[in-house]
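This report concerns only the one structure given below.
Residue numbers begin at 1 in each chain, while the letters A, B, ... track the order of the sequences. We use all heavy atoms of the structure for the numbers below, so side chains are in, but hydrogens, waters and symmetry mates are not. This is a predicted model, so every value here is computed, not measured.
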Amino acid sequence: MALDLLFFWILAGLILAAAWAVVNGNDIVHSVVWLSTVFLLTAGIFILAEAEFLAVIQVLVYVGAISVVIIFGIMLTKRTLKGGEDV
Amino acid sequence: MAEMWISMGPQHPMTHGLWTLKVKVDGETIVDADPELGYLHRSVEKMGERRKYFMNTTLTDRLCYASSTTWTHCYALSVEELMGVEVPQRAQYIRTIMLELQRLASHLMWAGAYMPDLGHITGALYFWRDRELFLNLLELPSGSRLLYNYIRIGGVKRDLPDGFEEKTERILKLFEQRLDEYADLFENSKIFRMRTEDVGNFTASQAMNLGITGPNLRGCGTKHDLRKHDTYEIYEEIDWEIQTREAGPGYSDCFSRYMVRIDEMRESVHIIRECFKNMPSGPTMASKVPIRASGEAFRRTEDSRGEALMYLVGDGSDRPYRWKIKSPMFTTISACPHYLKGYKVADIPSIMGSIDICIGETDK
Amino acid sequence: MSSDRDIGIMDIIVNPMKVTLKQFFKSTFGKPTTVMYPLEKRDPPPTYRGMNAVIWDLCIGCGICGEVCPNKCLKMKPTELSDEEQDRAWYGSHVAKRKNKAERPAINFGHCMFCGFCEDYCPTGAMTMTDFYELADTTREGLIYPARSMKVDLPELPQLPLTNYMMESPILNSETCIGCSKCVDNCPTNCIIMDEGVINKELKNGTVRNVENPYFDYTICIGCSTCVKVCPADCLHMEPISNSSSSGLTEEGEVTEA
Amino acid sequence: MSLFSFCRWMAEWTANYMLIPVFNFQRNLFPPFSHPAGTIADWLGTDGGLDTLAWTFAVNIAFAIGMTNLILVIHLERKIAARIQDRRGPMLSFRSFRELGEDLAGEAPSWRFKDNYSGIGILQNMADGIKAITKELIVPSKADKFLFTMGPIIFISSSVFLLVLFPLSDRFAASSAPAGLMVIMAAFSIAPIGVLTSGWASNNKYSMIGGMRSAAQLMSYEIPLLLSMAGVFLLAGSFDPVTIVEQQQESTWLFGLPMWNFIPQFLGFIVFMICILAEVERVPFDLPEAEAELVEGWTTEYSGIRYMLFLAAEYIRGFAGAAVCTILFLGGWAGPWPIPPEIWFLSKVYLILIFWIFIRWTVPRIRTDQILELGWKKLLPLSLINILIVIFMVEIYPYFSDVVNLPEVF
């Protein structure tokens, strides 16, 4: 089961890196994309833990719905288009 | 998302030509609109002052690529008034036939261009397929498919070729069949109605105040047609009716404007048949057409898109001293903030398509 | 009318699809309307306004086609005629005067808009428009067609009367005429002759000489205004023909004062 | 023989006769570097290694079949659209090559069809692909470069991922996860992120409105979509495509015909068809890329192979959507014997696709507010009613039929 452990550490490291990118990103939309990466990788951890259904639901709900709602919400708020014009 | 200005054009699928529509949207709702014209300005009026009277028919052909005969006819009428030329009876009949064929082709061009605006590419190809039939007909006497240069000052270029009547009758019959067939695909289709009904409303009084004429005004239920009210050629001799539609009492929406054009096409078919019924024989060109003129003349005709007006001043030379064109679309496009406000972004092509834009005549 | 019926649930998909399905079967088992252009071509009608062609045997080099061209894409170019061509030319006498140097139209099709005025206003019917429409080229220079490339030979020439489509004819101001007879040399239809004029000019040596004036035969004048252009003394100008007939006939020998 | 056992046999053959000897040879050849190659050779000999190799083969085969289908679907769309519109469609692809060959050979090649001008139209897709690859990839100067590149990757990879997820039959499946259909839906639901980010990152107002529309539409249609699928899951008691198809085949109605799910769950079938049409963004629900008002929606700024892959991914999604519909409601790969089940499955999928193509070229596009109204006010209640019907069928009716001896209908 050394391979499983190896994958776990890789995944865990990636999750931490992505989570670091979430909090340290300059752009809020980048943060959300990284957040959805965290969710996807967490689904990988679930698969390693032999909880496939949970992994699928994780992708379906968190990546497919919650991240999209967050991005949607961000885009509905006022922001500045690159290049200066207010949108 | 706050309010923002979107610039649609000058290169945008909605514009049907070179112009810019700036819309201010709040989310998907239109708050304000600002049309911007002048991208296609070719100074036709000034060019015409440098050319002889008879040469200007090539310029008027190019005013509107979809409806060139009607514009040339308007020019020919005003020059004939300036020069005092009497057009022979047969030429008048031929002119009426050509005008109605051109109106059919123009309305079909419009209907074909309207369908992709609604996301219906098949409709475009169906209508343009039928337009080809009428282009074939127009090609027979004039020798060209788009810019005919057929109506000349004092008559028409040449007589109708042999077998023209039979061919026209065959095509008209086919066309009427196809219009009935298309009813299921377009005006009776639920989704088509969802897109066009209750969209882009304006009332008849609003339209008259804003200078909107032609089918757009007749779509409000107003019986106004220069072919009847300021009659020319032989429209008073034959039996036909002004087609009107209305979405509700005294106002129009995209669907009524669509339907009034479909009805006009059927009426044009009727007019062409009536013309063939009592067509006299004789010359097709006035015996004497002067080359110089002086004085001023002014004629208005019912173009495919509304009221076309031309004003000419001659100073005795062989070129016009001043030439002014008033196009129906200029006022209609300028009025677009009045009928765009409050609708969705997705309605912009639906509304602007339904008023039948032609930028060539607008910018001149 | 059929469009006034109520819209039901079948009109969402089913009824519209009937139309498209019908067309699908029609064009699958029949022939579609489209023409596969480079392989098959539609036939233009005989009246089609395509590439120009000039029947050289009829052309008299009057230059009216260049005059009426709205885009000024048509120019008369001096062309050397072979002896055979000169023999066949309709107004050969005139060509002989110019010593085989006739003028024939050359067209820049990059500017041509195929309006057909040159065909309509040609007084002899030499300028024709064919139904050839594939004129595209990769260079702009390739669109300039020299005069000889548009020459066509017909086995039988149509004998058409000369017609004055320009509705104008030259008028002489005989007081300023110097009697140089340039107009006679350049008239493409030979409708001018020089004869006794109204002014007698006294030369230095005392002899009085009559200044000859041109006389126009308006039956064959085509109103090309070549004489006006070549006149060195500006004594000619064009005026609308007075008669209602297009031949522009006035009394033989009558010279109107301007 | 199932696809996996075939691939397993192929993996064994490749490992034993090709890979292991090569790695062993390397182990003995370069002693300092022998260790990794030897480990791989040893690992390939085990069950786990062979399984991994077999999975690689299986996934590649499924992917190749999916991509071949993609070309066929695009060609079908073009041809049927052309027939509907009284045209001919692509007929003479690579004609310039043919003419070049004629010039070089000095005579007409033997494969020239002289009488009818027909050529090889399906190669038009290849020509388009070559053209797209050779185009420049433009990134707008003020675009967010990171997300501008990430958006297509998310969208395309999640779409291509779909290709290996659905089985062509019970013996021809690259993956047979017990939660099979949920995995497909999960893969479907990743796409909105790619759409939104690429629409936002283009720094273009049209793209952003298109991305917002797309996300709003995909989000609101996922709910009735999943609810209408829930009915089937309830009936079959499983997410597994194989179980679902078996259940449809086992339950019979008149004359012992199999009662496929679209008969008892007609409401669910209709709702699912509409929702999957919106999910794969085809006319009349293609308003995120409405070319009339929003030039091309969220794909406006993309060029070259990126745009081509967007188009391809949309067709893949359409193909996958039709496949899901076939599994859920049309009895999957079930069909009379002499035709193999894979062909049955594909023919059903193609039937649905042709139906969609006909819809696409028959009706106009509908408006944003109308699409959302339809989704929330009509389809959501309908799918709930469908679930109620299924619950009645599965739970309530059997319970009462036990009590009062009703005949067994379902």
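- There is no contact between B:Val23 and chain D, counting heavy-atom distances below 4.5 Å.
- Within the 3.5 Å criterion, the main-chain N or O of B:Glu187 finds no donor-acceptor partner in the side chain of B:Tyr258.
- Looking at B:Pro349, the atoms closer than 4.5 Å to chain D (heavy atoms on both sides) all sit in the side chain, from C-beta outward.
- Ion pairing between a basic and an acidic side chain is recognised when a charged N comes within 4.0 Å of a carboxylate O; D:Arg317 and D:Glu281 show no such pairing.
- Classification of B:Arg245 and B:Asp253 as a salt-bridged pair fails, no side-chain N sitting under 4.0 Å from a carboxylate O.
- Under 4.0 Å is where a charged nitrogen must lie from a carboxylate oxygen, and between D:Arg282 and D:Glu314 no such pair does.
- Only the side chain of D:Gln370 comes within contact range of chain B, with at least one heavy atom under 4.5 Å from a heavy atom of that chain.
- For B:Thr15, no part lies under 4.5 angstrom from a heavy atom of chain D.
- No donor-acceptor contact under 3.5 angstrom links the side chains of B:Arg103 and B:Ser304, judged on distance only.
- Both the backbone and the side chain of B:Leu118 have a heavy atom closer than 4.5 Å to some heavy atom of chain D.
- For B:Arg129, the part lying near chain D is the side chain, with the backbone staying farther off; criterion is any non-hydrogen pair under 4.5 Å.
- Proximity to chain D is limited to the side chain of B:Tyr126, based on heavy atoms less than 4.5 angstrom apart.
- Under the 4.0 Å criterion applied to side-chain N and carboxylate O atoms, D:Arg78 and D:Asp128 are assigned as salt-bridge partners.
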